[in-house]
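Please read the structure below before turning to the comments.
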Amino acid sequence: MTDDALLAALKRGERTAIARAITLVESASPEHQRKADALLSQLMPGHQRSLRVAITGVPGAGKSTFIEALGLALIAQGKKVGVLAIDPSSPLTGGAILGDKTRMVALSRSENAFIRPSPSRGALGGVTAGTLEAIWILEAACYDVILVETVGVGQSEIAARALVDCFALLMLPNAGDDLQGIKRGIMEQTDLVFVNKAEGENRTAAERARLELLQALACLRPATAEWTAPVLCGAAKTGDGIDDFAAALWRFDAHIRAQNLLVSRRSEQMRHWLRERVSHAALKKFWAHPDVATQFADLATRISGAPGGIAQEIAALLRLSGLS
């Protein structure tokens, strides 16, 4: 498929074109990177119609089940939903299970949904290096809501905040001391909270957790100006509370547009993306220098017992690579 044909198919919303375009932006191949840059230059600066939402939470919080239920509810409202599901990679092979399509069977069957599982490949922040580019691609294909399911590893999840408009946190009832599990860093980034698995005997515990979360959020500066993060209870498995969450999501969307916060947030996302691209290019240049690997191996051997003077040694390596 030529570059022009891929662009045209992408704008028509063809699923194979979307998958191919995301593969290009995730690839480390120089040829693929060239094609990806050419494609992105024709897509940017993307439209402002879509809503970008990160869904995070501890492992076992039911993120995939929640996303499927929310996605189906949004589709029932006439929306197109894209899902970018980031799975942790093996530190040995770099591969990942990428099983979200098997966990979101009903959603994956919908013509108005697109699910793309991607390995994190060691990237921090619960997302992968090409997540923002994948968001642009889905926006170009006219998806109304893009849901980013983060890895779910804890405090590093806050890096996903820099890529989205709305940051949603899933919590669990009966997780021991609820307030002990609340980490300030991630709570300060939160726009919406959903206490999941609040069915049967868990309902009372979920309501208690909801009240404690409201109290905790009241002590923090809101992540979004003039917005108080709502805390909702429900059970994604049964669909309880999902419509309420969707309604809260649209209230948030209306708020950031009315306050002109979407424009500033998108500008922040672009600056973050640019910083990441510059950092990636600098690291690539550093490790590509023919003498750096040799000098680094020698340095690692020499400091194994006494790390003193490391700052000067690192400065020497940077000068060698041309970065200083």
Side-chain angles (χ1 to χ4, degrees), residues 1-3 5-7 9-11 13-46 50 52-56 63-64 67 81-104 108 113-141 143 146-153 156-157 159-160 162-164 269-270 272-285 287-288:
M1 185 179 290
T2 66
D3 293 348
L6 176 60
L7 178 63
L10 179 61
K11 290 185 175 181
E14 294 184 12
R15 298 158 80 89
T16 54
I18 297 170
R20 184 169 297 185
I22 295 177
T23 296
L24 287 177
V25 300
E26 290 182 343
S27 175
S29 162
E31 177 61 17
H32 286 176
Q33 290 176 354
R34 182 197 66 77
K35 289 184 176 182
D37 284 342
L39 177 65
L40 291 173
S41 68
Q42 298 180 77
L43 297 182
M44 295 167 64
S50 66
R52 308 169 181 176
V53 185
I55 308 291
T56 190
K63 291 188 293 296
S64 296
I67 288 172
V81 178
V83 178
L84 300 174
I86 316 302
D87 276 359
S89 299
S90 164
L92 299 178
T93 66
I97 295 175
L98 306 180
D100 290 278
K101 283 192 176 181
T102 64
R103 295 196 295 267
M104 303 181 192
S108 66
F114 180 88
I115 303 174
R116 173 70 179 213
S118 298
S120 64
R121 294 191 176 97
L124 297 178
V127 292
T128 190
T131 299
L132 189 53
E133 289 93 330
I135 288 173
W136 293 335
I137 288 167
L138 287 171
E139 287 180 339
Y143 280 78
I146 293 95
L147 304 175
V148 180
E149 179 188 3
T150 69
V151 171
V153 291
S156 71
E157 300 295 288
L163 306 180
V164 298
Q269 292 165 14
M270 287 295 295
H272 172 80
W273 174 77
L274 182 59
R275 283 194 298 269
E276 291 297 309
R277 288 292 292 261
V278 170
S279 297
H280 178 74
L283 276 174
K284 189 175 180 180
K285 178 181 179 181
W287 291 114

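The nearest pair of heavy atoms linking Ala54 to Ala160 is CB-CB, 4.4 Å. Closest approach of Thr150 to Lys63, counting heavy atoms only: O-CE, 3.5 Å. The two atoms that bring Arg15 and Ser108 nearest to each other are NH2-O, 3.8 Å, heavy atoms only. The nearest pair of heavy atoms linking Leu7 to Gln42 is CD2-OE1, 3.0 Å. The shortest non-hydrogen separation linking Ser64 to Glu149 is OG-OE2, 3.0 Å.
Rounding to the nearest 0.5 Å places OG of Ser279 at 9.5 Å from CG of Leu274. Taken from CG in Leu43 to CD1 in Ile137, the straight-line distance is 6.5 Å, to the nearest 0.5 Å. For the atom pair CG of Leu6 and OG1 of Thr16, the computed distance is 9.0 Å after rounding to the nearest 0.5 Å. For the atom pair NE2 of His32 and CG of Leu39, the computed distance is 12.5 Å after rounding to the nearest 0.5 Å. Atom-to-atom distance recorded for Met104:CE and Ile67:CD1 is 4.5 Å, nearest 0.5 angstrom. Distance CD/Glu276 to NE2/His272: 4.0 Å, rounded to 0.5 Å.
Remark: side-chain polar atoms of Ser27 are not paired, donor with acceptor, to backbone N or O of Leu24 under 3.5 angstrom.
Put simply, the side chain of Leu84 reaches to within 4.5 Å of the side chain of Leu138, judged on heavy atoms. Annotation: side chain of Arg52 is not in contact with side chain of Leu163 (no heavy-atom distance under 4.5 Å). Contact check for Val25 versus Trp136: no side-chain heavy atoms found under the 4.5 Å cut-off. Counting heavy atoms from C-beta outward, Val53 and Leu147 have side chains that approach closer than 4.5 Å.
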Task: Verdict with reasoning, Arg277 to Glu133, per salt bridge (charged side-chain N to carboxylate O under 4.0 Å, His left out) - done: CA-CA 11 Å; Arg277 288 292 292 261; Glu133 289 93 330; 3.8 Å; yes
